[in-house]
> 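Supplied in structure tokens, the structure appears directly below.
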Number of protein chains: 2
Amino acid sequence: MDAEAKNTEGTPEAWRDVTPDAARRLMTAAVHAFAERGYHATTTRDIAGRAGMSPAALYIHYKTKEELLYQISKVGHRFALDILEGARDGAGTPAERLAHAVRAFVRWHAEHHTTARVVQYELGALAEDHAAEITAMRRASDGAVRAIVEDGVKAGDFDVADVRGTAVAVLSLCIDVARWFNPHGRSTPDEVGELYAGLALRMVGAAG
Amino acid sequence: MDAEAKNTEGTPEAWRDVTPDAARRLMTAAVHAFAERGYHATTTRDIAGRAGMSPAALYIHYKTKEELLYQISKVGHRFALDILEGARDGAGTPAERLAHAVRAFVRWHAEHHTTARVVQYELGALAEDHAAEITAMRRASDGAVRAIVEDGVKAGDFDVADVRGTAVAVLSLCIDVARWFNPHGRSTPDEVGELYAGLALRMVGAAG
DNA sequence: AGTGAGGCTAAGCGCTTGCTCACCGGCATG
DNA sequence: CATGCCGGTGAGCAAGCGCTTAGCCTCACT
């Protein structure tokens, strides 16, 4: 029942379609364990225990502990990338699209800061080929933000000297939310998203 | 000689007065190992090996592996806090002081990104009492930035709706430099510091 | 020359780790 | 009712972990 409580409490929609049920329980257990203690400090017994199973059960659904991290990382990055590319290709002025990208990205990182922490800070533990795949997705995220900033500069809406550097900074600012955000703290995910959208617009020199 | 090469290559001035020599060599070896692989994935054999010593030698100079991390963390936080409090108490307009704080803080995080990575991302591995001490220093860092922003608002130089949130965002932006900065990348620490000082001024709505 | 302290090592202890394997119950199917 | 399979367990293996201990070498000081 401990495991079930954890399961309903902290499971974002991202894991909805992980099947079978036991695999999903293991995945969300791993997310929480990795986020709390880090990948290397988490034991397979800890993960299995949180999911209410014996250690051996983990290996029925995942080849290794690293594969669990890889799956989590992949789903998380897919989610983040969809947000950013959606904003890049969406309708509206560059300012509207940048604000939308930042708002949604930050909201996700705050709301699902447990998952986001694993996704953003445990990359070093991935196997080489998995790391390469994830790195490609991260570069795409970078590119999506840069594209929006470039659009704004071309349209004359933004005033940016160093497009690449500023785009990196905006994305970096958003990512770091996963590190410091505290659900019991002063601000809600919505509030942080709103604040950060405004800050991003200022960073690119959008008229305001 | 491998260890000696490492020693001269990546040792920031911060460790200058760690004595005796063997203790310093162990410390810089630990910094590099922790930064590359993370605290939990680093073995005492790895640290000692990088310092050109046997595993047992570590325990002559440090009680535990965690104490090494604690010392690194303390020195690093002291350094960062000095920068920020120096800027807070320094001369000049709030805008000048904020720009100076960001420039110096970012420069340090880029130049010594190995150390900074350990300092910023391995806090979770600290023992309870050590973690409490470090947390206090981090709160002081937060306060120093907030004080500068408050000064600017009071002087009418800054235009900030959410002082606390904006101060957190500025500091967060700077900290995250340690995560992504690559010495072989496009920008030098000086360039990033300059860019970020400008971005911070925009974030607080300083007249530009 | 003799001595004691400090810095260091080789060996290894006790324990935990990721992972495996022989086995088992329930259940859909012939 | 027999059968095969899917999802699970209990026990445990080999390896590696943090850390300790007994003892050695060096060298300042007498």
Side-chain angles (χ1 to χ4, degrees), chain A residues 1-4 7 15 18-34 36-73 118 122 124-131, chain B residues 1-4 7 18-34 36-73 118 122 124-130:
Chain A
M1 75 176 200
D2 189 8
E4 285 169 51
N7 201 10
W15 317 118
V18 175
T19 52
D21 180 71
R24 180 177 49 253
R25 266 159 53 218
L26 284 164
M27 203 148 186
T28 60
V31 166
H32 284 97
F34 291 162
E36 267 175 40
R37 316 149 72 102
Y39 174 81
H40 287 291
T42 298
T43 69
T44 54
R45 285 165 235 269
D46 186 13
I47 297 169
R50 283 175 192 243
M53 306 161 94
S54 83
L58 196 152
Y59 295 90
I60 294 164
H61 300 284
Y62 301 95
K63 276 211 300 289
T64 62
K65 175 177 141 185
E66 190 271 345
E67 207 216 319
L68 248 174
L69 175 64
Y70 167 59
Q71 296 293 348
I72 293 166
S73 206
V118 178
E122 301 294 338
L126 287 169
E128 213 168 325
D129 50 339
H130 293 161
Chain B
M1 77 176 202
D2 191 6
E4 284 170 51
N7 201 10
V18 176
T19 52
D21 180 72
R24 181 178 47 255
R25 264 159 53 219
L26 284 165
M27 202 146 187
T28 60
V31 166
H32 284 97
F34 291 163
E36 267 174 39
R37 315 150 71 101
Y39 174 81
H40 287 292
T42 298
T43 70
T44 54
R45 287 168 234 271
D46 186 14
I47 297 169
R50 282 175 193 243
M53 305 163 94
S54 83
L58 195 151
Y59 294 90
I60 293 163
H61 300 283
Y62 301 95
K63 275 210 301 289
T64 62
K65 175 178 139 184
E66 189 271 345
E67 207 216 318
L68 249 175
L69 174 65
Y70 167 59
Q71 296 293 349
I72 292 166
S73 206
V118 179
E122 301 293 337
L126 288 169
E128 214 169 326
D129 50 339
H130 293 160

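Note on naming: letters A, B, ... go to the chains in the order of the sequence lines (proteins, then strands), and numbering restarts at 1 for each one. Heavy-atom basis, side chains included; hydrogens, waters and symmetry copies ignored.
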> Quantify the bending of the helix from C:dA1-D:dT30 to C:dG30-D:dC1 as the angle between its end axes, each fitted on five pairs, to 10°.
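Between the first-five-pair axis and the last-five-pair axis there is 10°.
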
> Both A:K63 and A:A41 contact DNA chain C. Taking the nearest nucleotide for each, which residue is further toward the 5' end?
A:A41

> Just how far is it from atom CZ of A:R37 to atom NE2 of B:H40, taken to the nearest 0.5 Å?
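Nearest 0.5 Å value for the CZ-NE2 distance: 8.5 Å.
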
> Less than 4.5 Å apart, any side-chain heavy atom of A:I47 and any of A:F34?
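When only atoms from C-beta onward are counted, A:F34 and A:I47 do touch, with a gap below 4.5 Å.
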
> To the nearest 0.5 Å, what is the distance between OG (B:S73) and CD (B:E66)?
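Interatomic distance, B:S73 OG to B:E66 CD, rounded to 0.5 Å: 9.5 Å.
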
> Dump every N/O contact between nucleotides 4-10 of chain C and the protein below 3.5 Å, one line per pair.
from: C:dC8; atom 1: OP2; to: B:H61; atom 2: NE2; distance (Å): 2.8
from: C:dT9; atom 1: OP1; to: B:S54; atom 2: N; distance (Å): 3.3
from: C:dT9; atom 1: OP2; to: B:S54; atom 2: N; distance (Å): 2.8
from: C:dT9; atom 1: OP2; to: B:S54; atom 2: OG; distance (Å): 2.9

> Does any N or O in the side chain of A:Y39 come within less than 3.5 Å of the main-chain N or O of A:L126, such that one atom is a donor and the other an acceptor?
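Here the side-chain-to-backbone pair does not exist.
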
> For a 4.5 angstrom cut-off between non-hydrogen side-chain atoms, does A:H61 reach A:P20?
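Side-chain contact under 4.5 Å: yes.
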
> B:T44 versus B:L68: any side-chain heavy-atom pair under 4.5 Å?
no

> Shortest non-hydrogen contact from A:A48 to A:L26?
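Smallest heavy-atom distance, with atoms named: CA-CD2, 4.2 Å.
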
> Would you kindly give the CD1-to-C1' distance between A:I47 and C:dC19, to the nearest whole Å?
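Checked: the CD1 to C1' distance equals 13 Å.
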
> Test the B:K65-B:Y59 pair against the cation-pi criterion, namely NZ or CZ under 6.0 angstrom from the six-membered ring centroid and within 45° of the ring axis.
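No, B:K65 does not lie over the aromatic ring of B:Y59.
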
> Rounded to whole Å, how long is the line connecting atom CD of A:E66 with atom C1' of C:dT17?
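Interatomic distance, CD of A:E66 to C1' of C:dT17: 17 Å.
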
> What is the 5' to 3' range of DNA chain D, first to last nucleotide, that sits under 4.0 Å from any heavy atom of chain A?
D:dG8 to D:dG12

> Does a side-chain heavy-atom distance below 4.5 Å link A:L58 with A:M53?
no

> Quick one: closest heavy-atom pair of A:L69 and A:V118, and the distance?
CD1-CG1, 3.7 Å

